Amino acid sequence: MSSSRFCSSLYLLTFAFLLRTVFGADPLFHFCSSSEKFEAGSPYEENLNKFMGYLYCQAPPTGFGRGVLGDKPNQTIGLALCRGDVLTVDCNTCVVDASTEIRKRCPYNRAAVIFYDNCLLKYSDKDFFGEIDNENKFYLYNAEKVRNPTTFNKKTKELLSQLAIQAQSSLKLFAVGQLKVKNSQTIYGLTQCTREMPAEVCRRCLDGIIGELPSCCDAQKGGRVISGSCNFRYELYQFVHLR
Ligand SMILES: *[C@@H]1O[C@H](CO)[C@@H](O)[C@H](O)[C@H]1NC(C)=O
């Protein structure tokens, strides 16, 4: 983290400014994933605060940042990931929102994760890099149902499974695509993994959550399974920014 000192002081200024001026999007969900607490002013809190500054600098330019800060047992380990199609400026806003909001929602928890449409931010006092996260996981779906559930479910699974293969072989572990069900119905899909994951673990993570389609989103017009390590989304409209 040698280049982060300048970045951190810049961050503190910008951060304070943004806190007062920006009211960002609401998070989709969060987990205060460890019930273990740290104390105000403790070495862990110091590391965590520095770490948020580090992520805010590291993540936006490439859409992904991760790091380890401090020494065990007060080490902070974490990452921030923006959705693969999100512009740097929006990634920035999202990671700043996420780092502020996660501290408000899980003020003294030693591990937490927060999710937005545009990004996720996760930290812990334990190393979780490269592991499938089955604990921090939730479903979202469009409450409307389709009229042709059998074909629709089959095509949705087909599309997402293709996109899992594509994500595995993409540098950003991210893929988008679409599949026509019938003339008036096209499914748009997205798959993504956190980028510290080995490609084959990413694929396994995606196949796992795609297997949950029947419980999360059976016949629903749109759906998402979102975990701390991978996620998918499908809708009957284009929801990514194609450039
Ligand atoms: C870790 O933090 C605790 C307080 O939370 C402190 O007592 C301990 O000395 C710290 N350990 C190290 C190695 O910094």
Side-chain angles (χ1 to χ4, degrees), residues 1-19 27 29-82 88 91-116 119-137 171-173 192-202 205 226-230:
M1 279 189 208
S2 57
S3 66
S4 70
R5 187 161 297 157
F6 168 72
C7 197
S8 289
S9 44
L10 184 70
Y11 155 79
L12 286 173
L13 288 171
T14 327
F15 192 62
F17 174 71
L18 282 167
L19 275 180
F29 212 82
H30 73 278
F31 295 91
C32 303
S33 34
S34 168
S35 54
E36 285 176 48
K37 300 287 175 76
F38 60 81
E39 285 178 13
S42 64
Y44 190 75
E45 180 168 55
E46 232 170 81
N47 287 333
L48 185 58
N49 286 343
K50 277 190 212 148
F51 183 72
M52 293 299 175
Y54 167 76
L55 278 187
Y56 168 73
C57 291
Q58 290 298 312
T62 62
F64 179 68
R66 67 157 160 172
V68 179
L69 199 85
D71 299 314
K72 285 178 185 167
N74 300 315
Q75 198 169 50
T76 303
I77 299 161
L79 57 81
L81 174 74
C82 288
T88 302
C91 182
N92 236 325
T93 308
C94 192
V95 174
V96 172
D97 285 350
S99 58
T100 317
E101 207 54 40
I102 200 170
R103 296 302 316 281
K104 281 194 205 147
R105 293 178 182 229
C106 308
Y108 298 113
N109 298 75
R110 291 179 76 92
V113 53
I114 191 163
F115 302 90
Y116 289 74
C119 71
L120 72 84
L121 190 156
K122 179 176 174 181
Y123 72 83
S124 175
D125 56 354
K126 298 186 179 63
D127 187 4
F128 60 85
F129 289 156
E131 287 171 15
I132 294 178
D133 183 350
N134 283 312
E135 278 169 25
N136 306 299
K137 182 159 63 180
L171 281 177
K172 287 168 90 179
L173 300 182
Q192 185 171 24
C193 299
T194 56
R195 266 193 255 159
E196 92 294 354
M197 299 257 272
E200 72 279 5
V201 183
C202 167
C205 185
I226 302 176
S227 85
S229 53
C230 69

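Keep in mind it's a predicted model, so treat the numbers as computed, not measured. Residue numbers start at 1 and run along the sequence shown.
If you check the side chains of Thr194 and Glu196, you find a donor sitting under 3.5 Å from an acceptor.
Put simply, CD1 on Ile102 and CG on Asp97 are 12.5 Å apart, with the number rounded to the nearest 0.5 Å. With rounding to the nearest 0.5 Å, the separation of CG in Asn47 from OG in Ser42 is 8.5 Å. A distance of 14.5 Å separates SG of Cys32 from CZ of Arg110, quoted to the nearest 0.5 Å. Between the CZ atom in Phe129 and the CZ atom in Arg195 there is a gap of 13.5 Å [rounded to 0.5 Å]. Glu36 contributes atom CD, which lies 4.5 Å from atom NZ of Lys126 (distance to the nearest 0.5 angstrom). The structure places CD of Glu200 at 12.5 Å from SG of Cys205, a figure rounded to the nearest 0.5 Å.
Remark: SG of Cys230 is not found under 2.5 Å from SG of Cys202. Distance check for Cys82 and Cys91: the SG atoms are under the 2.5 Å cut-off.
A heavy-atom distance below 4.5 Å is not found between the side chains of Tyr123 and Leu55. Contact of the Leu173 side chain with the Phe64 side chain is not registered, since no non-hydrogen atoms from C-beta on lie closer than 4.5 Å. For the pair Lys122 and Ile77, the minimum side-chain heavy-atom distance is 4.5 Å or more. The closest side-chain heavy-atom distance from Leu121 to Glu101 is not below 4.5 Å. Contact annotation: the side chain of Glu39 never approaches that of Glu45 to less than 4.5 Å [non-hydrogen atoms, C-beta and beyond]. Between Pro27 and Arg105, some side-chain heavy-atom pair lies under the 4.5 Å cut-off. Two residues are said to be in side-chain contact when any heavy atoms from C-beta on lie closer than 4.5 Å; Leu69 and Gln75 fail this criterion.
Of all heavy-atom pairs spanning Asp125 and Tyr44, the tightest one is N-OH, 3.3 Å. Nearest heavy atoms, Gly65 versus Gln58: CA-CB, 4.3 Å.
The aromatic rings of Phe31 and Phe115 stand perpendicular to each other, their planes meeting at an angle above 60°, with 30° marking the opposite boundary. The aromatic rings of Tyr108 and Phe38 lie perpendicular to each other, with more than 60° between the two planes, well past the 30° mark.
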Please report the C-alpha distance between Val68 and Phe51 in whole Å, then the side-chain angles of each, then the deciding distance to 0.1 Å, and finally whether the side-chain contact (heavy atoms from CB on, under 4.5 Å) criterion is met.
-> CA-CA 8 Å; Val68 179; Phe51 183 72; over 6 Å; no
Decide side-chain contact (heavy atoms from CB on, under 4.5 Å) for Ser229 and Met197; before the verdict, give the C-alpha distance in whole Å, the side-chain angles of both, and the deciding distance to 0.1 Å.
-> CA-CA 8 Å; Ser229 53; Met197 299 257 272; 3.8 Å; yes
Let me see the working for Phe29 and Ile226 under side-chain contact (heavy atoms from CB on, under 4.5 Å), right down to the final yes or no.
-> CA-CA 10 Å; Phe29 212 82; Ile226 302 176; over 6 Å; no
For the pair Arg103 and Leu48, evaluate side-chain contact (heavy atoms from CB on, under 4.5 Å) and give the outcome as yes or no after the intermediate values.
-> CA-CA 9 Å; Arg103 296 302 316 281; Leu48 185 58; 3.7 Å; yes
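When each of Leu79, Val113, Asn136, Asp133 is paired with Phe128, the side chain to side chain contact (heavy atoms under 4.5 Å, CB included) condition holds for Leu79 and for no other.
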